[in-house]
Structures are given as C-alpha cells and as structure tokens.
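In what follows, a single structure is set out as structure tokens and then discussed.
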Amino acid sequence: MSVQTIMVIGAGQMGSGIAQVAAQAGFQVYLNDVRQEFVERGLATITGNLSRSVEKGKLSEEEKQAILSRLVLSTDLADGKNADFVVEAVTENMAVKTQIFTKLDEVCPPHTILASNTSSLPITEIAAVTKRPEKVIGMHFMNPVPVMKLVEIIRGLQTADEVYQLTEDLSKQMDKVPVSVNDFPGFVSNRVLMPMINEAIYCVYEGVATPEAIDEVMKLGMNHPMGPLKLADFIGLDTCLYIMEVLHEGFGDSKYRPCPLLRKYVKAGWLGKKSGRGFYTYN
Ligand SMILES: CC(=O)CC(=O)SCCNC(=O)CCNC(=O)[C@H](O)C(C)(C)COP(=O)(O)OP(=O)(O)OC[C@H]1O[C@@H](n2cnc3c(N)ncnc32)[C@H](O)[C@@H]1OP(=O)(O)O
Ligand SMILES: NC(=O)C1=CN([C@@H]2O[C@H](COP(=O)(O)OP(=O)(O)OC[C@H]3O[C@@H](n4cnc5c(N)ncnc54)[C@H](OP(=O)(O)O)[C@@H]3O)[C@@H](O)[C@H]2O)C=CC1
C-alpha cells in the first residue's frame with residue numbers, strides 16, 4: 001500500500017508539528033480538532049514555523065506555499081474516509097483516545113492504518129476497541145516535532161509486520177529516525193525521562209532548591225539543553241501528570257508516584273507554557 005493522505009487528529013502542539021512534517025514530506029494532510037478555532041491555531045503555528053524557515057533562507061516562499069496548500073483543515077472525524085494513514089495526537093487520556101479509535105475504525109477505509117502518538121498508554125488496549133488491531137500502532141514523535149529526530153514505534157500485541165514496516169518507512173520519509181520499542185507503560189522515552197522530571201519536582205516540593213537552580217544544575221552539570229522543570233513546562237504539566245499516573249498504575253510500583261506539587265499545579269490550571277504558568281511564567 002502506498003500512503004498519499006495522512007490525517008492528524010488533535011491540532012495541539014504535537015498534532016500541528018506532525019501535520020507540518022507530513023506536509024513537508026509531500027503528503028496531503030487533514031488536520032482535525034474538535035473546534036475550528038483549534039485547527040486554525042494549529043495552522044497559525046505551522047505558518048509561523050515555515051515563515052521563520054523562509055526568513056532564515058532554509059525554505060523558499062514557493063515551497064512554503066506548496067506545503068501550506070497540502071494542508072486541509074477538518075472538524076469532522078468522518079474525513080477519515082479520505083485517509084490512508086491516521087496519526088492521533090489528542091489529550092493523553094485512554095477514554096478520549098478509545099472513543100476516537102472506535103469512530104475512526106467505522107469511517108476509515110479497510111486499508112487505513114491507525115497510529116497513536118500516545119506518550120505512555122498501551123497500544124494493545126487502544127487497538128482492542130477496533131476491528132483492525134493488526135493495523136493499529138504507536139508512532140511517538142518528540143516535541144518540538146519539526147526539530148527532534150526520534151520517532152518511537154510501538155507494536156501492539158497484534159500489529160502486523162507490514163504495518164510496522166510501513167510506519168518505519170513513513171517516519172524516514174518525514175526525515176525522522178525510527179526506533180522500535182515494546183508495548184510497556186511509558187515505552188522507553190517516558191519511562192526514563194518522566195521519573196527524572198518528577199524527581200526534579202520533588203526537589204522543589206521539599207525545598208532542596210529553586211526551579212531556576214535545579215534547571216541550572218542539570219543544564220550546566222549534565223549538558224541537558226533544557227532543565228527538567230523548563231522541559232516539564234514545555235511538555236505540559238497535565239501531560240507529565242498523566243504519564244506519571246500511567247507508569248504508577250501500569251507498574252504498580254511506588255517509585256513512580258506523581259509528586260503532590262505536580263498534582264496541585266495541574267489542579268490550579270498551571271499547565272506550563274501552554275497556559276502561561278507552570279514552574280515559570282510566560283506571556
Ligand atoms: C513527553 C513525550 O512524550 C516525549 C517528548 O517529546 S519529551 C521532550 C523531548 N524534547 C526535548 O527534550 C527538547 C529539549 N530541548 C531542546 O532540544 C532545545 O531546547 C530546543 C530544540 C527546544 C530549542 O533549541 P535551542 O537551541 O535552545 O533554541 P533555538 O536556537 O531557538 O532553536 C533551535 C532550532 O529549533 C527550532 N525550534 C525551536 N523551537 C521550536 C518549535 N517549538 N517548533 C519548531 N521549531 C522550533 C528553531 O527555529 C531553531 O531552528 P534552526 O536550527 O533552523 O535555526
Ligand atoms: N507534549 C509533549 O511534549 C508530547 C505529547 N505527546 C502526546 O501527544 C498527545 C497530544 O499532546 P499535546 O499536543 O501536547 O496536547 P495539547 O493539549 O497541546 O493538544 C491536544 C489537542 O487535542 C484536542 N482534542 C481533545 N479531544 C479531542 C477530540 N475528541 N478530537 C479531536 N481533538 C481533540 C485538544 O483540544 P482541547 O484543547 O479542546 O482539549 C487539543 O487541541 C498526547 O497523547 C501526549 O501524551 C507525545 C509526545 C510529546
């Protein structure tokens with residue numbers, strides 16, 4: 001099967017980035033969200049990124065226009081009827097994702113592959129709500145998508161070999177480096193990254209140091225491009241909490257318990273950069 005049209009569900013920070021790299025790779029892309037203003041915000045982010053590349057001389061104005069012309073905005077999941085490959089990138093919540101996969105399974109043609117950009121949720125469980133579990137796969141991009149090279153590819157229990165191969169090829173076409181991992185909570189990336197972020201939050205909670213000092217230690221001491229608290233704000237504190245909950249519940253091990261300060265910030269609506277406040281404030 002050859003992929004021509006990709007549909008991305010969720011036009012947030014990940015969905016808009018995935019739509020951008022897919023359109024840059026030459027695919028026609030439907031970008032879907034529940035409300036028109038959300039897809040328009042996603043398109044504005046993509047346009048801003050492409051305009052920056054034009055200013056830097058990395059892209060011509062004609063190339064930018066050609067990429068934008070391959071993007072179709074959608075607020076109707078039934079547009080899945082046009083897609084060969086779907087990447088779901090909505091909120092990290094199993095109930096929301098399974099509802100979308102159930103609907104996609106009804107509207108998409110039989111050949112369509114349904115991928116999830118989930119950070120931590122079991123692919124096998126998402127696949128089980130469809131009648132095509134062999135065509136469901138994890139395709140986990142990193143944030144910011146246009147910059148980061150990695151795509152973790154996660155097979156569910158029933159994912160077919162040819163579906164894995166096609167997803168790997170597609171990642172390469174999008175100029176990414178695919179790495180295969182098995183279906184365990186948090187896969188590899190977030191099983192390793194998120195406990196570090198959670199521990200940094202405990203350091204704030206217990207008064208070991210200020211957020212600025214903790215980030216400085218990890219940047220200057222370990223050469224991380226961003227400190228863990230800046231990174232948590234960048235990922236979204238809600239997403240960090242959901243991932244810690246998946247690890248905690250999935251492994252049943254207290255070492256993954258989410259820091260109470262993380263819960264408190266999320267309850268307060270301090271979700272990091274996207275809400276204007278997290279460990280730092282943003283305008
Ligand atoms: C939670 C999960 O499930 C998995 C995850 O994604 S975990 C998060 C993984 N991501 C990380 O760990 C990111 C860590 N941070 C970094 O790598 C860097 O700080 C960064 C790439 C974000 C920014 O890099 P920087 O050197 O500090 O800043 P800057 O010079 O402004 O940007 C470097 C390039 O990235 C681009 N860029 C930065 N942020 C961008 C964004 N949000 N979108 C698109 N492009 C962006 C810039 O335009 C610039 O491009 P050029 O090289 O073409 O000029
Ligand atoms: N943030 C990160 O660094 C990374 C996140 N991920 C994963 O990517 C996914 C998305 O994360 P991210 O982009 O950060 O989150 P965002 O909150 O930025 O975006 C999620 C988007 O999905 C929308 N949405 C919610 N429900 C539906 C629905 N039923 N149909 C269509 N759209 C819907 C949301 O709308 P609304 O605002 O109305 O809720 C929002 O626009 C999550 O699974 C996350 O774990 C993966 C890698 C990195």
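In each ligand, atom 1 is the first atom listed, and ligand 1 is the first ligand listed. All residue numbers in this chain count up from 1 along the given sequence. Note: hydrogens, waters and symmetry copies are ignored here, and every other heavy atom, side chains too, is used.
The backbone N or O of Met148 sits less than 3.5 Å from a side-chain atom of Lys176, completing a donor-acceptor pair. Panel note: side chain Glu92, backbone Ser120; a donor-acceptor pair is recorded below 3.5 Å. No donor-acceptor distance shorter than 3.5 angstrom exists from the side chain of Arg70 to the backbone of Val29, with no hydrogens or angles considered. Proximity of a side-chain donor or acceptor of Ser275 to a complementary backbone N or O of Leu271 within less than 3.5 Å is detected. Remark: side-chain polar atoms of Glu152 are paired, donor with acceptor, to backbone N or O of Ser189 under 3.5 angstrom. In this structure, the side chain of Gln158 does not engage the main chain of Val136 through any donor-acceptor pair within 3.5 Å.
Under a 4.0 Å criterion applied to the non-hydrogen atoms of His140, ligand 2 contributes the atoms 46 (C), 47 (C). Under a 4.0 Å criterion applied to the non-hydrogen atoms of Gly12, ligand 2 contributes the atoms 13 (O), 18 (O), 19 (O), 21 (C), 41 (O). Atoms of ligand 1 lying under 4.0 Å from any heavy atom of Ile235, numbered from 1 in the order shown and given with element: 1 (C), 7 (S). Every atom of ligand 2 with a heavy atom of Ser119 under 4.0 Å away is listed here by number and element: 5 (C), 6 (N), 7 (C), 44 (C), 45 (O), 46 (C), 47 (C). Ligand 1 places these atoms under 4.0 Å from at least one heavy atom of Lys58: 51 (P), 52 (O), 53 (O), 54 (O). Heavy-atom contacts of Met142 reach the following atoms of ligand 1: 4 (C), 5 (C), 6 (O) (cutoff under 4.0 Å). Which parts of ligand 1 touch Met148 is read off a 4.0 Å heavy-atom cut-off, strictly below it: atoms 10 (N), 11 (C), 13 (C). Atom numbering of ligand 1 starts at 1 in the shown order; those under 4.0 Å from a heavy atom of Asn49 are 43 (N), 44 (C). Taking every non-hydrogen atom of Val34 and a distance limit under 4.0 Å, the qualifying atoms of ligand 2 come out as 28 (C), 29 (N), 30 (N), 31 (C), 32 (N). Within the listing of ligand 2, atoms 42 (C), 43 (O) sit less than 4.0 angstrom from a heavy atom of Lys97. The ligand atoms of ligand 1 that sit less than 4.0 angstrom from a heavy atom of Asn190 are 1 (C), 2 (C), 3 (O). Near Asn143, meaning under 4.0 Å from any of its heavy atoms, are these atoms of ligand 1: 6 (O), 8 (C), 9 (C), 10 (N), 11 (C), 13 (C).
Contacts of Leu231 with ligand 1, taken as heavy-atom pairs under 4.0 Å, involve the side chain alone. Of all the heavy atoms of Gln99, none lies under 4.0 Å from any atom of ligand 2, so neither backbone nor side chain is involved. With a heavy-atom cut-off of 4.0 Å, Met226 touches ligand 1 through its side chain alone. Within the 4.0 Å heavy-atom criterion, neither part of Phe234 lies near ligand 2.
Contact annotation: the side chain of Leu121 never approaches that of Tyr242 to less than 4.5 Å [non-hydrogen atoms, C-beta and beyond].
Using a 4.0 Å threshold on non-hydrogen atoms, atom 10 (N) of ligand 1 counts as touching the protein. For atom 23 (C) of ligand 1, the nearest protein heavy atom is 4.0 Å or more away. Distance screen at 4.0 Å: atom 3 (O) of ligand 1 has a protein heavy-atom neighbour inside the cut-off. For atom 26 (O) of ligand 1, the nearest protein heavy atom lies 4.0 Å away or farther. Protein heavy atoms are found inside the 4.0 Å sphere centred on atom 37 (N) of ligand 1. For atom 41 (C) of ligand 1, a protein heavy-atom neighbour is present inside the 4.0 Å cut-off. For atom 52 (O) of ligand 1, the nearest protein heavy atom is under 4.0 Å away. Under the 4.0 angstrom criterion, atom 29 (P) of ligand 1 counts as lacking any protein heavy-atom contact.
Distance from atom 7 (S) of ligand 1 to its nearest protein heavy atom, with residue and atom name: Leu193 CD2, 3.5 Å. Looking at atom 17 (O) of ligand 1, its nearest protein heavy atom turns out to be Pro225 CG, 3.7 Å. Scanning all protein heavy atoms for the shortest distance to atom 39 (N) of ligand 1 gives Pro144 CG, 4.0 Å. In this structure, atom 25 (C) of ligand 2 lies nearest to the protein heavy atom Thr91 OG1, 3.4 Å. In this structure, atom 48 (O) of ligand 1 lies nearest to the protein heavy atom Lys56 NZ, 3.0 Å. Nearest protein neighbour of atom 34 (C) of ligand 1, counting heavy atoms only, is Val147 CG2, 4.6 Å. Annotation: atom 26 (N) of ligand 2 to nearest protein heavy atom, Val96 CG1, 3.9 Å.
Remark: Asp238 engages Lys274 in a salt bridge, criterion side-chain N to carboxylate O under 4.0 Å.
For ligand 2, the polar-atom distance check against Gln13 finds a nitrogen or oxygen pair separated by under 3.5 Å. Between Thr239 and ligand 2, no N or O atom pair is found at a separation short of 3.5 Å. The shortest N/O to N/O separation between Phe38 and ligand 2 does not fall below 3.5 Å.
Using a 3.5 Å distance cut-off with no hydrogens or angles, the side chains of Thr124 and Asp183 do pair a donor with an acceptor. With hydrogens and angles left out, the side-chain atoms of Asp169 and Gln173 include no donor and acceptor closer than 3.5 Å.
At a 4.0 Å cut-off, not a single heavy atom of His224 sits close enough to ligand 1 to count as contact. Taking a 4.0 Å cut-off on heavy atoms, Ala89 registers as neighbouring ligand 2. The shortest separation from a heavy atom of Glu88 to ligand 2 is not under 4.0 Å, leaving the residue out of contact.
The same ILVMFWY cluster, assembled from side-chain heavy atoms under 4.5 Å apart, contains both Ile6 and Leu43.
Lys230 forms a cation-pi arrangement with Tyr280, by the criterion of a distance under 6.0 Å to the ring centre and an angle within 45° of the ring axis.
The two residues Thr112 and Ala83 come nearest to each other via the heavy atoms OG1-O, 2.7 Å.
Summarising the contacts of atom 29 (N) of ligand 2 with Leu121, Val90, Ile100, Leu231, the nearest heavy atom is found in Ile100.
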